[in-house]
Every structure is written in C-alpha cells, then in structure tokens.
Amino acid sequence: MSNLISFGRVLLFFLSMSGYLLYMLQKYQIPLAFGPAFFTAWASNLLFAGGILNILPQTAWLIFMGGFVLLAMACRSYARHKTTVQNQAAYDAQKGAGTWKRECLLYAVFLAGAFYFLCLLWGARYTGYDNFSHWATVVRDMLIEERMPNFADPIIRFQSYPLGSSLFICYVCKIVGSTDACLLWAQAWMLLSFLFCLTAFLRKTNWFGTTAAVCYGVWALTVNSHLYELRVDTLLPLTGVAAFAVIYYYKAQPRRALAGAAGLFMLLINIKNSGCFFYAACVLFLLVYTWDYSKRHKIYFANMALVLPLSMLYFWKRHVALVFPDGMSAKHSMSMENFEAVFAKKTADDILQIAEKMLVRLRSLDSVEVYTMLFITALFGMLAFYPRRGRRPVKSTLSMLAAMWACFAAYLVSMFGMYLFSMPLGESLRLASYERYLLSVFIFIYGIAVIYLTNETVPHSLDNTGRVDKEPPIKKICAVLLTILL
C-alpha cells in the first residue's frame, strides 16, 4: 500500500512538471529536450528566492500547484486548436524537429529514464562521508525546519556552501517522500534533465550523434560520483553542458540563447562555489556566439548573463553573513578572510611542492589529463582536416579545440589556486581529491565535444538540387574513437 502511495506521489510530480513543459512548448516553442532542465533550474532559483524571503514551503507548493494550472491550460488549448506546434524561428533551423510526435516521443524517453532510476534507487540508502557531513544533512534540515539553515542549526558545518541542488532535492522530497531513495532519485532527476538537453541535436539520419550521446551519458553518470551519493562533482559540469547546449542550439537566435541560458547560469553559481568556473566558461561561449547582438544590446546581455547570475552569489553571501556568525570564515568559504587565513599557513616550500606535484602529473603520459586531451586533439584534428564535399569546418573545429584546451588550462590554474587559498596544508600537499575535481572538467569538455561533433557530422545538402551528402567515413571513425575515449 505504501508503495502505491509513493508511486502516486511520483505521478503527481510528473504531471505538475508536465504542465510547465507543455506551457513552454506551446507559448515559447521551447523544445521538450530543454524543458526538464529549464524547469529544474528555475524551480531551484525560485526556491532560493523563497528561502531568502523565509517563505520556502509556500514557494514549493506554489510551484507544485502552478504546474497543474498550466497543464489544464495546455490541455484546453490543445483541445480547442489541435494544431501541430511548430516554431518557425528555432525548429526550422533544425531539420526534422517541431512535430508533436517527435516531442512526445522524446518526452516518453525522458520519463522512461526517470522511471528506470526510480526503480533502480527504490529502497536504496546513500553512502559516503560527504553525504553525512553536508549534502544529505542540509536537505534533511530543510525538510524538518522548512527553511534554509541558520545559526540555530549547529549540525551544518559547511555553512557557506550554496544550496542550489539541495533546494530542488528538498522540493522533490516534499512531494514524493523523504526517504534516502527519494533524495537520491531527486539528484538523479537533475542529472538526467541536464543530459537530456543533448537530444536536441539528435537526428534520425545521424546514428553517430545518438551513439555518442548515449555513450557520453552512461560515462558521465558513472565516472565520478555514483548515484548513491549527493555530491555535486558530476552535477556541476552537466549543468554547464546543458547551458552550452542551449547557447549552441540558439546561436542563430541570440536573444533566445541569452534568455534560455540565464536560469542555468543562476543555478550553476548556486550549486557550489566552483560552479563559478563553469559559469564563466559558458558566458565566454555565449559572448562569442552572440557577439554582434550583444554589442547592440549591451543592457540585455548584461542583465541576462551577468546581473541575474551574479545576484545569486551576492544574495547568498549576504544571507550567510546574516544568519551565521562565522559563516564566511568557515572551511572552503569564498571570502578574503578565509583565503588569507588558509594561505598564511603555507610556506614558499609548500607552494613549490604543490606546484611540482601538479607539473609531474602533466609531464606523465600515464596521467588521465594528458592522454585524454591528446586523444581529443587527435579526434578534432581528424574532423577538421578530413576532406569533405560541401564545406570544411576547419576554422570552427580548430577554434572549438582551442577553446577546450583553454578550459582545461584555466581549470588547472583554478585548482592550483584552490589548493593554495582554500584547502588546509595537509590536504593540499597530497593533492586531495585531485582526480575527482579533474574529472568534473572532463565531463564538461566531453559534453561540449559530443554536442559539437554531433552537429558537425550531420549530413548536409550539397547544392540547390537538395542532394544530401552520404554518411562520410569520418563519422564511423569518430564514433569508434569517442567510444574508446569514454
């Protein structure tokens, strides 16, 4: 009986979210591939605003009930018009997209994936020290107290850690249930929502894209944090991949790219402090793809790409300073006070030792970062210089490769800064969690590579006769190499 009630509550959650997805599809012609990610991001952002205003439970139930209102409106609209929903601006640029049949099929695949994870995690319990020291503890605290943590919660040790993912997990658990399995499933839902953005680039004629996306999804979910813990080392880069997917999909429509990515930018900053790196990388991609538009509409670009996301960081810091007496000086806090205190405990010899250990890894071909980036370089080099009829995207491919190398180099520099200014001396000297942090940026880089390669290997029309280029052998080579890489 309890299982039936639990599945009924899950169904109610699906129906509520479906209302938002159908509203976005009918009103703004947003593909369902982006719907779950947009819903997840904006639900978390609204819950954050509600938490700041001390109306967290009211905000959660308002979001939940609002979904049913929008679902009723969408059903009424469909019953009246019964028209095929097509977006003349966005869908026409992507061949084969825009029909109800395709959208419903994609959504069915997403729901099947969510149901699979529900069955997989049903009755499971989370494991790992980090869950009990922070990630699960903070969700439990919000479920019990129905507010964001404050000075009355001494059990919260990492007081300055943002609550982006925790707030959404709390929202799901208010509806579905508060068992360990419900917490884990809510996290899996977020991961699946952001991975689902890759389906916006899949086409029936491009089996490579489907293979690459599936391989990437399985790899991303298993390579770093597993499904039985609530750490965000996988969630952060996948949120960044979803933001890049939106930017790349709407690169010919800059206004939509800015509006679509804004919510994901806000969530990126609000998941964890290190999300600022992925946010900055995505903003640079956005600036490149919307350069002409952004120059003409500086205020709109500033509001969507800078003001809204950075306001989350500002309000969170102000909240922590207000509700925790020593919140900004707690471990891993992003404050000058904490940075100065941690750095003061390191000598010049300690700094040289940390730098030497990182350089040793970069000089070794056996290290994951070296052979991975060399493999990606070879893959993109083959795609760039393979002789193709119609067009040769040499410049764009090499530019994308350079961008991925720049992301990797910047991330290494930021990791070095983290070991100097944020981590205690003992953890820094042994490069604590080095590979775990490094895998996060690889999840981000691989996601960008999959999106770009999928789009670039779609058969293109050769001339005004409508003839389409046959599937080039380079696609088969890239598919095999990418699968080996993952």
Side-chain angles (χ1 to χ4, degrees), residues 2 5-6 9-10 12-13 16 40-67 124-190 229-232 235 266-267 269-273 275 311-334:
S2 61
I5 294 175
S6 298
R9 296 172 75 172
V10 171
L12 289 176
F13 172 75
S16 175
T40 300
W42 280 107
S44 177
N45 296 334
L46 290 174
L47 289 166
F48 174 79
I52 292 292
L53 297 173
N54 203 27
I55 52 170
L56 183 60
Q58 294 87 338
T59 306
W61 289 114
L62 185 64
I63 294 172
F64 179 62
M65 297 308 298
R125 294 186 179 276
Y126 45 73
T127 59
Y129 170 77
D130 287 353
N131 293 310
F132 296 98
S133 65
H134 178 72
W135 298 110
T137 303
V138 74
V139 175
R140 292 289 185 194
D141 183 76
M142 288 191 291
L143 287 171
I144 294 171
E145 303 294 341
E146 295 195 330
R147 56 164 171 73
M148 293 200 298
N150 59 28
F151 61 88
D153 304 308
I155 196 174
I156 306 300
R157 296 173 55 197
F158 300 94
Q159 299 167 347
S160 65
Y161 271 22
L163 301 174
S165 61
S166 302
L167 285 166
F168 185 80
I169 293 173
C170 182
Y171 167 72
V172 174
C173 290
K174 279 183 175 293
I175 302 168
V176 176
S178 57
T179 64
D180 289 6
C182 292
L183 272 72
L184 294 172
W185 182 70
Q187 177 98 323
W189 172 278
M190 297 181 75
E229 59 183 359
L230 300 176
R231 289 188 309 189
V232 297
L235 183 64
M266 295 165 71
L267 180 61
I269 286 181
N270 208 25
I271 291 177
K272 195 179 179 183
N273 294 329
S311 66
M312 302 290 282
L313 184 63
Y314 172 78
F315 284 120
W316 174 246
K317 284 181 173 292
R318 296 301 302 164
H319 172 79
V320 172
L322 178 66
V323 302
F324 292 111
D326 301 315
M328 295 313 296
S329 60
K331 188 177 181 181
H332 297 310
S333 296
M334 280 186 65

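Residues: numbered from 1 along the sequence shown.
- Using bins of under 30°, 30° to 60° and over 60° for the plane-to-plane angle, the ring pair W61/F64 lands in the perpendicular bin.
- M142 approaches L163 most closely through the heavy-atom pair SD-CD1, 4.2 Å.
- Counting heavy atoms from C-beta outward, F13 and Y171 have side chains that approach closer than 4.5 Å.
- Expressed to the nearest 0.5 Å, how far OG of S160 lies from NE2 of H319 amounts to 11.5 Å.
- The existence of a salt bridge linking R147 and D153 is confirmed by a sub-4.0 Å separation between a basic side-chain nitrogen and an acidic carboxylate oxygen.
- Residues G164 and S44 share a closest heavy-atom pair of O-OG, 2.7 Å.
- Residues W185 and V172 meet the side-chain proximity criterion, which asks for heavy atoms closer than 4.5 Å.
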- Report the C-alpha separation of E146 and L56 in whole Å, then their side-chain angles, then the decisive distance to 0.1 Å, and conclude whether the side-chain contact (heavy atoms from CB on, under 4.5 Å) test is met. CA-CA 7 Å; E146 295 195 330; L56 183 60; over 6 Å; no
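- A heavy-atom distance below 4.5 Å is found between the side chains of Y314 and R318.
- Taken from CG in L183 to OG in S178, the straight-line distance is 8.0 Å, to the nearest 0.5 Å.
- The salt bridge (charged side-chain N to carboxylate O under 4.0 Å, His left out) pairs that include a residue from residues 50-65 number zero, where partners must be two or more places apart or lie in different chains.
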*Does the side-chain contact (heavy atoms from CB on, under 4.5 Å) test come out yes or no for W316 and I269, once each step is laid out?*
CA-CA 10 Å; W316 174 246; I269 286 181; over 6 Å; no
_Could you walk me through whether V323 and M148 satisfy the side-chain contact (heavy atoms from CB on, under 4.5 Å) test, starting with their C-alpha distance in whole Å, then the side-chain angles of each, then the deciding distance to 0.1 Å, before giving a yes or no?_
CA-CA 10 Å; V323 302; M148 293 200 298; over 6 Å; no
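- In this structure, CH2 in W135 is found 5.5 Å from NZ in K272, a value given to the nearest 0.5 Å.
- Taken to the nearest 0.5 Å, the SG atom of C182 stands 11.0 Å off from the CD1 atom of I175.
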Q: Show your working on side-chain contact (heavy atoms from CB on, under 4.5 Å) between L267 and F48 and close with a plain yes or no.
A: CA-CA 10 Å; L267 180 61; F48 174 79; over 6 Å; no
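- For the pair A43 and I63, the tightest heavy-atom approach, listed with the atom from each and the gap, is O-CD1, 3.9 Å.
- When side chains are defined from C-beta on, P162 does not count as touching I271, because their heavy atoms never get closer than 4.5 Å.
- Across all their heavy atoms, Q187 and R231 have their closest contact at NE2-O, 3.0 Å.
- The only member of V139, N45, L47, L46 that meets side-chain contact (heavy atoms from CB on, under 4.5 Å) when paired with L167 is L47.
- Across every non-hydrogen atom of V320 and Q159, the tightest pair is CG2-O, 3.8 Å.
- We find the CD1-CZ distance between I155 and R140 to be 11.5 Å, quoted to the nearest 0.5 Å.
- Nearest heavy atoms, M190 versus S165: CE-CA, 3.9 Å.
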